Undergrad: 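Before we start, here is the structure in question, set down as structure tokens.
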2 protein chains.
Amino acid sequence: MSVHTIAAVLGGKTPLGQEITVQGWVRTRRDSKAGLSFVTLHDGSSFEPLQIIAPAELPNYQGEVLHLTAGCALRVTGELIASSGKGQTVELRAARIEVVGWVEDPETYPIAPKAHSFEYLRSVAHLRPRTNSIGAVARVRHCLAQAIHRFLHENGYFWVHTPIITASDCEGAGALFRVSTLDLVNPPRTPEGGIDFSQDFFGRETFLTVSGQLNVEAYCLALSKVYTFGPTFRAENSNTSRHLAEFWMIEPETAFADLYANADLAEALLKEIFRVVLSERADDMAFFAQRIDKTCIQRLEQVVNSPFERLDYSEAIGILERSVQSFAFPVRWGMDLQSEHERYLAEDYVKGPLVLINYPKEIKSFYMRLNDDGRTVAAMDVLVPGIGEIIGGSQREERLDLLDARLDESGMDKMAYNWYRDLRRYGSVPHAGFGLGFERTISYVTGMSNVRDVIPFPRTPRGADY
Amino acid sequence: MSVHTIAAVLGGKTPLGQEITVQGWVRTRRDSKAGLSFVTLHDGSSFEPLQIIAPAELPNYQGEVLHLTAGCALRVTGELIASSGKGQTVELRAARIEVVGWVEDPETYPIAPKAHSFEYLRSVAHLRPRTNSIGAVARVRHCLAQAIHRFLHENGYFWVHTPIITASDCEGAGALFRVSTLDLVNPPRTPEGGIDFSQDFFGRETFLTVSGQLNVEAYCLALSKVYTFGPTFRAENSNTSRHLAEFWMIEPETAFADLYANADLAEALLKEIFRVVLSERADDMAFFAQRIDKTCIQRLEQVVNSPFERLDYSEAIGILERSVQSFAFPVRWGMDLQSEHERYLAEDYVKGPLVLINYPKEIKSFYMRLNDDGRTVAAMDVLVPGIGEIIGGSQREERLDLLDARLDESGMDKMAYNWYRDLRRYGSVPHAGFGLGFERTISYVTGMSNVRDVIPFPRTPRGADY
């Protein structure tokens with residue numbers, strides 16, 4: 001029994017006339033008046049299913065084949081033949097169809113073949129990868145993840161697994177999830193009535209990480225080129241289509257690099273992974289372009305083919321001030337740009353991707369490098385038409401005295417960052433990095449507008465099912 | 001300025017006679033009576049540093065070069081020449097040495113060049129990747145991770161990001177970390193005095209995952225071949241060299257696969273990643289063989305070159321009973337094998353890797369498939385000489401009635417597993433998977449005997465620094 005994936009069969013890797021076996025789940029069944037049935041079989045390996053021709057001569061044709069419904073699991077052996085039907089080049093003429101698993105009650109099968117809203121599909125997250133859209137998302141997600149690993153590996157970057165549980169909160173910002181084994185009903189108390197975290201599992205209060213950046217910097221100053229690819233967490237009560245409590249992030253960090261090298265890396269990374277997904281998942285991308293977002297392929301091609309413009313924040317403020325566009329948030333130097341501003345710059349002004357650099361220090365984190373003007377820091381955001389910011393990063397402050405001044409200004413406890421300050425005491429070098437939110441990237445690539453639909457089991461306020 | 005990595009230079013990718021720039025950190029400096037200095041420079045890209053020849057004619061020779069110590073960051077430009085010294089084929093004759101970052105006080109530099117115990121290095125985890133051993137671990141870790149992704153991708157597996165925060169506890173076993181945003185000092189209470197988790201972030205009690213298996217099974221029954229690669233957690237108070245509270249696990253899951261196909265995949269995966277690490281990280285592996293564990297290369301070669309024997313648990317019990325070896329734990333059918341038994345089987349009996357299959361159902365999890373004998377399940381452990389178990393897995397119970405019986409026997413709440421049971425209601429198929437503990441694998445590959453030294457920032461009881 002020579003078992004083939006449907007991707008291999010449809011990809012022309014299986015010669016015609018050969019007897020093969022395929023395994024998967026029924027998508028549709030259509031009975032012809034000619035006394036045979038057409039069954040489309042899907043195994044997840046590609047977007048398209050394989051058409052099976054089930055002749056009435058099959059011993060279980062009446063007893064089983066005519067009762068097949070969407071979701072039934074089959075093992076089919078037969079001869080691969082050229083197809084005369086439209087929409088496919090090959091089909092399988094079944095010599096044997098084995099029903100491996102039935103659908104208990106087709107009438108109540110939660111994802112019976114009809115249109116389901118994405119909202120409904122979230123309520124059956126364990127079954128939704130069987131649908132066209134969520135299955136395609138899963139393959140695109142995988143393809144992008146592999147492309148990221150491959151690109152960074154080939155460019156000399158090492159994947160570093162920074163900790164998930166942490167006693168520090170990276171950016172001094174963002175709501176945190178506490179991690180604890182203390183008995184909540186009756187927690188140990190300090191004499192003052194507080195919680196005695198010295199009795200907790202780690203002997204101190206701990207949280208889920210919001211970023212691996214500070215930790216990965218330690219490895220950057222030893223291995224030169226490193227990155228994280230892992231889950232990060234925000235306990236913000238944001239019930240929007242753009243926020244998840246648990247999401248994945250990629251954070252490359254490069255030693256001996258300034259902001260411009262950092263922007264070059266971000267541009268090269270995005271171009272490469274978009275190029276790869278257009279090439280390796282053309283089947284799924286065609287589906288997204290047809291059914292979800294007509295512009296998604298063209299949008300990616302534009303990013304792949306455009307040089308990313310560099311634009312100074314101060315310059316951008318001038319452009320926004322001079323524009324005839326009216327904004328809900330008034331424009332002034334020192335403000336944090338809103339989505340409307342970012343999208344104007346990318347969509348109307350540059351008409352393509354751009355890297356915005358050198359932001360006012362007041363609106364950026366303590367670890368970003370102070371520019372010589374004393375009022376901006378070497379921060380960058382990569383903005384793309386369609387959604388605005390897709391990457392945020394910076395050159396890091398490598399000078400201990402300036403880092404300390406920024407920690408003081410921000411009212412942060414220097415002692416808590418002593419190990420991070422050590423990196424500036426011993427062989428400090430200019431270094432820079434950025435964060436790419438993985439779900440927002442997938443959302444951008446596929447046009448799936450809610451990030452809850454691009455992660456297998458989304459975690460959101462009041463949502464931790466499965 | 002043409003910047004090269006030291007890996008590229010030592011790898012012969014840079015022609016002799018060319019002017020190049022390298023960047024990195026000083027490992028050693030030796031001043032010659034001939035009036036020049038030898039500086040070894042390391043940038044993390046390879047195990048070996050590059051030797052720099054610093055002639056006295058450099059303008060900053062007296063003022064700076066003669067004060068260089070381990071850890072100082074340099075940018076060096078010069079001509080690449082053939083080396084007459086032993087231990088290297090090329091060296092860089094410096095025309096310019098720029099000190100990018102000094103070491104604040106070389107006397108107190110925590111990892112000054114001398115022998116440090118691994119225990120001490122754990123107390124400076126932010127600096128230890130600058131040492132030979134921990135740097136080599138980081139590169140080997142990266143290499144293995146890439147090899148795993150590549151192997152699974154090339155074999156048609158999709159990486160699925162299963163949730164980290166979960167409301168269910170996968171195996172009904174293992175101590176859990178609670179994830180919460182409730183105010184610990186004054187948590188909301190139920191009328192009965194318990195904690196009112198309905199007011200917690202997720203509206204229910206949630207934990208850190210101990211395994212992505214159950215979730216990834218849902219994707220397996222849609223995409224056929226899937227895997228997880230992510231962090232998992234155990235809140236066990238185990239202060240041993242083999243336990244971490246936070247560790248990474250790889251869990252492939254295959255549809256239409258039985259236990260034998262599962263064992264074949266495990267064998268192929270281990271062989272491939274060991275083959276890759278021997279080839280791609282020969283430099284680091286030579287170091288481990290020389291300084292950490294003389295047998296580590298030979299051990300991997302043995303695994304790569306041996307067919308893994310398959311052995312039935314019941315047969316293994318007979319072998320152990322008949323052996324002349326005396327065991328601390330007496331051998332009887334139905335027992336869980338101890339490390340001493342596993343190692344006897346791998347090291348003395350088979351003298352190579354083996355897959356032990358078909359364990360008594362009483363000592364295995366509810367989701368493992370019941371064999372026809374009614375008393376064993378289709379579980380497997382892969383045992384290797386040196387450490388014993390490196391992989392654990394099973395064929396899953398795909399028959400709803402038998403799964404339900406096992407849930408009942410185990411005293412588990414069927415309703416909590418309703419979504420998991422759905423996978424057996426709708427197109428259920430035989431499927432199987434396993435878990436590979438990433439840190440134990442790295443420990444096995446490198447001979448580093450404490451798993452705390454093979455993960456960047458270990459999380460252990462009372463240990464969550466950095």
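Computed from a predicted model, the values in this text were never measured in an experiment. Per chain, numbering begins at 1; letters A, B, ... match sequence-line order.
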Undergrad: Which residue out of A:Ser198, A:Pro106, A:Cys143 racks up the most heavy-atom pairs below 4.5 Å with chain B?
TA: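 Going by pairs under 4.5 Å, I would pick A:Ser198.
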Undergrad: Has A:Glu246 got a side-chain atom pairing as donor or acceptor with B:Ile165's backbone, closer than 3.5 angstrom?
TA: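 Yes: the side chain of A:Glu246 pairs with the backbone of B:Ile165.
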Undergrad: Please classify the contact of B:Leu127 with chain A as side chain, backbone, both or neither, using a heavy-atom distance under 4.5 Å.
TA: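 For B:Leu127, side-chain heavy atoms alone lie under 4.5 Å from chain A.
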Undergrad: Looking at B:Phe201 and A:Ala245, what are the two nearest heavy atoms and their distance?
TA: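 For B:Phe201 and A:Ala245, the tightest heavy-atom pair comes out as CE2-CB, 3.7 Å.
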Undergrad: Side chain, backbone, both or neither: which part of A:Thr206 has a heavy atom under 4.5 Å from chain B?
TA: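 The side chain, not the backbone.
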Undergrad: Can you name the closest pair of heavy atoms from A:Gly427 and B:Ala73 and give their distance?
TA: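 In terms of heavy atoms, the two residues are closest at O-CB, 3.7 Å.
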Undergrad: Using a cut-off of under 4.5 Å for heavy-atom pairs, which of B:Thr5, B:Ile455, B:Asp422 has the most such pairs with chain A?
TA: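 Ranked by heavy-atom pairs under 4.5 Å with chain A, first place is B:Asp422.
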Undergrad: Do the non-hydrogen side-chain atoms of A:Pro110 and B:Tyr426 ever get within less than 4.5 Å of each other?
TA: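 A:Pro110 vs B:Tyr426: side chains touch.
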Undergrad: Would you name the heavy atoms of B:Tyr219 and A:Ala125 that are closest together and state the gap between them?
TA: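 Reported closest heavy-atom pair: CE1-O, 4.5 Å.
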Undergrad: Which bit of A:Phe438 is near chain B, if near means a heavy-atom gap under 4.5 Å: side chain, backbone, both or neither?
TA: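 It is the side chain, since no backbone atom gets that close.
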Undergrad: Side chain, backbone, both or neither: which part of A:Arg189 has an atom under 4.5 Å from a heavy atom of chain B?
TA: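 Side chain only.
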Undergrad: How many angstroms lie between atom OG of A:Ser45 and atom CG of B:Leu223, to the nearest 0.5 angstrom?
TA: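 CG of B:Leu223 is found 9.0 Å from OG of A:Ser45.
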Undergrad: Dump the intermediate steps for ring-ring contact (aromatic ring centres under 6.0 Å, His included) on B:Phe177 and A:Phe177, then the final yes or no.
TA: CA-CA 12 Å; B:Phe177 288 104; A:Phe177 288 104; over 10 Å; no
Undergrad: Heavy-atom cut-off 4.5 Å, strictly under: side chain, backbone, both or neither for A:Trp25 against chain B?
TA: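 For A:Trp25, the side chain is the part near chain B, not the backbone.
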Undergrad: Any idea which of B:Glu104, B:Glu398, B:His42, B:Arg128 has the most non-hydrogen atom pairs under 4.5 angstrom with chain A?
TA: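 When all of B:Glu104, B:Glu398, B:His42, B:Arg128 are compared, B:Glu104 has the most.
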Undergrad: Under a 4.5 Å heavy-atom cutoff, which of B:Pro461, B:Gly71, B:Ala138 has the most pairs with chain A?
TA: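 Of the options given, most contacts go to B:Pro461.
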Undergrad: What's the spacing between B:Arg150 CZ and A:Arg150 CZ if we round to 0.5 Å?
TA: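 Reported to 0.5 Å precision, the distance equals 10.0 Å.
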Undergrad: Please determine, among A:Ala218, A:Pro129, A:Gly203, the option with the most heavy-atom pairs under 4.5 Å with chain B.
TA: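 Of the options given, most contacts go to A:Pro129.
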Undergrad: Identify, with sequence neighbours excluded, every residue that meets salt bridge (Lys or Arg N to Asp or Glu O under 4.0 Å) alongside B:Arg462.
TA: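 In terms of salt bridge (Lys or Arg N to Asp or Glu O under 4.0 Å), with neighbours along the sequence ignored, B:Arg462 is linked to no residue.
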Undergrad: How far apart are the closest heavy atoms of B:Ala167 and A:Ala464, and which atoms are they?
TA: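 Smallest heavy-atom distance, with atoms named: CB-O, 3.6 Å.
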Undergrad: Report which part of A:Leu400 has an atom under 4.5 Å of a heavy atom belonging to chain B: side chain, backbone, both, or neither.
TA: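 Just the side chain, heavy atoms under 4.5 Å.
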Undergrad: To the nearest 0.5 Å, tell me how far B:His153 NE2 sits from A:His149 NE2.
TA: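 One finds 12.0 Å between NE2 of B:His153 and NE2 of A:His149.
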Undergrad: For a quick test of reading the model, state the closest non-hydrogen atom pair linking A:Pro163 to B:Phe457 and the distance between them.
TA: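 It is CD-CD1, 3.6 Å.
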Undergrad: Give the member of B:Gly194, B:Gly44, B:Gly230 that has the highest number of heavy-atom pairs under 4.5 Å with chain A.
TA: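 Most heavy-atom pairs within the cutoff with chain A belong to B:Gly44.
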Undergrad: Donor-acceptor pair, distance only, cut-off 3.5 Å: does the side chain of A:His142 make one with the backbone of B:Trp159?
TA: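 Confirmed, A:His142 side chain pairs with B:Trp159 backbone.
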Undergrad: At a 4.5 Å cut-off on heavy atoms, which part of A:Pro456 comes close to chain B: side chain, backbone, both, or neither?
TA: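 It is both, since atoms from each part get that close.
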Undergrad: Given that the side chain runs from C-beta out, which part of A:Phe247 has a heavy atom under 4.5 Å from chain B: side chain, backbone, both or neither?
TA: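 It is neither, since no heavy atom gets under 4.5 Å.
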Undergrad: When you check the gap from the basic side-chain N to the acidic O, do A:Arg178 and B:Asp183 get nearer than 4.0 Å?
TA: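 Salt bridge absent between A:Arg178 and B:Asp183.
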Undergrad: Give, as side chain, backbone, both or neither, the part of A:Pro231 having an atom under 4.5 angstrom from any heavy atom of chain B.
TA: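 The side chain, not the backbone.
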Undergrad: Select, from A:Leu184, A:Asp105, A:Asp465, A:Asp43, the one with the greatest count of heavy-atom pairs under 4.5 Å involving chain B.
TA: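 The residue among A:Leu184, A:Asp105, A:Asp465, A:Asp43 with the greatest pair count is A:Leu184.
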Undergrad: So which of A:Glu217, A:Arg130, A:His161 has the largest heavy-atom pair count under 4.5 angstrom toward chain B?
TA: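 Option with the greatest count: A:His161.
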Undergrad: Check whether A:Arg204 gets within reach of chain B through its side chain, its backbone, both or neither, counting any heavy atom under 4.5 Å.
TA: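 For A:Arg204, the side chain is the part near chain B, not the backbone.
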Undergrad: So which of A:Asn215, A:Val100, A:Asp200 has the largest heavy-atom pair count under 4.5 angstrom toward chain B?
TA: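 Of the options given, most contacts go to A:Asn215.
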Undergrad: With a 4.5 angstrom heavy-atom cut-off, which part of A:Arg425 approaches chain B: side chain, backbone, both or neither?
TA: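 For A:Arg425, backbone and side chain are both near chain B.
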Undergrad: Based on non-hydrogen pairs under 4.5 Å, which of B:Ala416, B:Ser180, B:Pro458 is most in contact with chain A?
TA: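 Sorted descending by pairs with chain A, the first entry is B:Ser180.
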Undergrad: In terms of heavy-atom proximity below 4.5 Å to chain B, should A:Thr131 be classed as side chain, backbone, both, or neither?
TA: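 When you check distances to chain B, no heavy atom of A:Thr131 falls under 4.5 Å.
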Undergrad: Heavy-atom pairs under 4.5 Å with chain B - which of A:Ile164, A:Val226, A:Thr181, A:Val429 has more of them than the others?
TA: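 Between A:Ile164, A:Val226, A:Thr181, A:Val429, the count favours A:Ile164.
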